[in-house]
Amino acid sequence: MHKMVSKTCMQLPILDISQPVQPSSLSSLAEACKELGFFQITNHGISKDLYDKIRSLSEFLFSLPDEMKIKLGPFSSIKTYTPHYIASPFFESLRVSGPDFIGSAQSSADVLFDNHNPEFSEILREYGTTMTELSKKIVKIVLMTLGDAVERKYYDSEFKNCHGYLRIINYSAPESLEEEVEGLGMHTDMSCVTIVYQDEMGGLQVKSNQGHWIDISPCEGTLVVNVGDLLQAWSNEKLRSSEHRVVLRKPVNRFSLAFFWCFEDEKVILAPDEVVGEGNSRTYKPFVCTDYLRFRESDEKGKFEKVGFTVRDFAGIRLQM
Ligand SMILES: O=C(O)CCC(=O)C(=O)O
Ligand SMILES: [Fe+2]
């Protein structure tokens with residue numbers, strides 16, 4: 001008898017992030033980063049207990065009345081809350097920014113919670129700092145897929161000022177289930193790498209090179225990692241930032257945590273010669289990180305971060321055929 005192995009876990013390589021990377025996993029990872037830009041990590045150091053705590057505090061937070069939450073909305077001074085109908089009718093989120101995760105969480109908590117709630121900011125500090133360490137490791141390993149020398153030569157000089165922020169996301173339950181609905185429309189991430197925890201519902205999908213949607217089903221004990229636009233541009237498209245989305249299929253809430261690891265705002269993104277490779281041409285004009293973020297920003301209803309636009313639209317060089 002064949003041992004049943006979950007198909008979804010099979011599709012994406014799973015990297016044990018607690019161990020030094022083996023040459024064999026590096027080659028499957030290299031393939032994954034080039035083709036789909038998605039893989040999974042295990043032994044990441046986030047305990048079930050920590051998830052459960054974040055989840056229950058989040059449930060409480062998102063259950064607060066809209067009048068409360070909007071005090072942190074796009075027109076407030078804090079701007080950590082994204083209300084419904086910006087990304088989609090079902091999507092709302094709270095952002096917690098590093099490196100001072102505790103301060104960021106606290107400034108939201110001060111507005112939302114009547115009584116002082118130190119646990120909220122403490123657990124988000126723990127999550128944020130663990131994600132920060134994981135992001136650094138992941139970037140190093142992803143650079144190693146471009147060659148040992150790339151990691152050695154460019155990690156410190158190019159990536160040491162990266163910073164991260166967390167988005168706690170609540171997808172509300174769709175009422176009509178005649179067909180699946182988009183909880184978050186097709187987009188690429190404006191990060192170097194993104195680390196996602198999704199709950200047991202599933203619904204995350206990535207678009208393949210052939211244009212098919214592939215389900216990234218939840219796999220216990222693993223986190224999903226994807227390459228973002230900043231690394232796609234920096235690597236001259238040797239690493240892929242894939243379009244992905246979230247579909248909702250069941251009449252229940254969906255909870256996820258997305259951590260974005262990004263270049264500093266003022267960084268000029270330009271693929272190094274060694275990464276471009278001799279005889280190849282650059283496929284992106286150099287650009288300032290923040291200018292791309294601003295290009296994607298939009299507070300128009302239904303146009304969350306210009307869903308559908310990518311770094312190619314902003315800085316891509318169309319090669320003459
Ligand atoms: O909710 C998820 O599973 C993914 C969210 C996502 O892709 C994003 O926030 O960029
Ligand atoms: Fe995303």
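Atom set for the values below is all heavy atoms of this structure, side chains included, hydrogens, waters and symmetry mates excluded. First listed ligand is number 1; within each ligand, the first listed atom is number 1. Throughout, residue positions are numbered sequentially from 1 according to the sequence presented.
No donor-acceptor pair closer than 3.5 Å links the side chain of H163 to the backbone N or O of N161.
The ligand atoms of ligand 1 that sit less than 4.0 angstrom from a heavy atom of V246 are 1 (O), 2 (C), 3 (O), 4 (C). Residue contact check: F260 has heavy atoms under 4.0 Å from atoms 8 (C), 9 (O), 10 (O) of ligand 1. Taking every non-hydrogen atom of Y171 and a distance limit under 4.0 Å, the qualifying atoms of ligand 1 come out as 1 (O), 2 (C), 5 (C). When each atom of ligand 1 is checked for a heavy atom of H244 under 4.0 Å away, the hits are 7 (O). Counting the atoms of ligand 1 from 1 in the order shown, those under 4.0 Å from a heavy atom of V196 are 3 (O). Atoms of ligand 1 lying under 4.0 Å from at least one heavy atom of S256, given by number and element, are 1 (O), 2 (C), 3 (O).
Using a 4.0 Å cut-off between heavy atoms, T194 makes no contact with ligand 1 at all. Contacts between R245 and ligand 1, counted as non-hydrogen atom pairs separated by less than 4.0 Å, are absent for every part of the residue. With a 4.0 Å heavy-atom cut-off, ligand 1 is reached by no atom of V224.
Classification of R55 and E59 as a salt-bridged pair holds, one side-chain N sitting under 4.0 Å from a carboxylate O. The pair E297-R294 does not meet the salt-bridge criterion, since no charged nitrogen lies less than 4.0 angstrom from a carboxylate oxygen.
Using a 4.5 Å heavy-atom cutoff, the side chains of L270 and K285 are not in contact. Taking 4.5 Å as the limit, every side-chain heavy atom of L166 sits out of range of all side-chain heavy atoms of F260.
Distances from atom 2 (C) of ligand 1 to the heavy atoms of Q198, H187, R254 show the closest one on R254.
Under the 30°/60° scheme for interplanar angles, the aromatic rings of Y292 and F314 are found to be tilted.
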* **salt bridge (charged side-chain N to carboxylate O under 4.0 Å, His left out) between D189 and R296, worked out** => CA-CA 10 Å; D189 290 349; R296 286 275 299 266; over 6 Å; no
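Only one option out of K207, R245, R249 pairs with D215 in a salt bridge (charged side-chain N to carboxylate O under 4.0 Å, His left out); it is R249.
Taking the centre and axis of the six-membered ring of F263, the NZ or CZ atom of K267 falls inside the cone set by 45° and 6.0 Å.
By the side chain to side chain donor-acceptor pair (under 3.5 Å) test, T145 is found to be paired with no residue, residues two or more places apart in sequence or in another chain being considered.
Among all protein heavy atoms, the one lying closest to atom 6 (C) of ligand 1 is L184 CD2, 3.6 Å.
Within the protein, the number of N/O/S atoms found under 2.8 Å from the Fe ion (ligand 2) is 3.
Counted within 6.0 Å of CD on E175, heavy atoms from surrounding residues, nucleotides or ligands total 12 or fewer; the atom is thus considered open.
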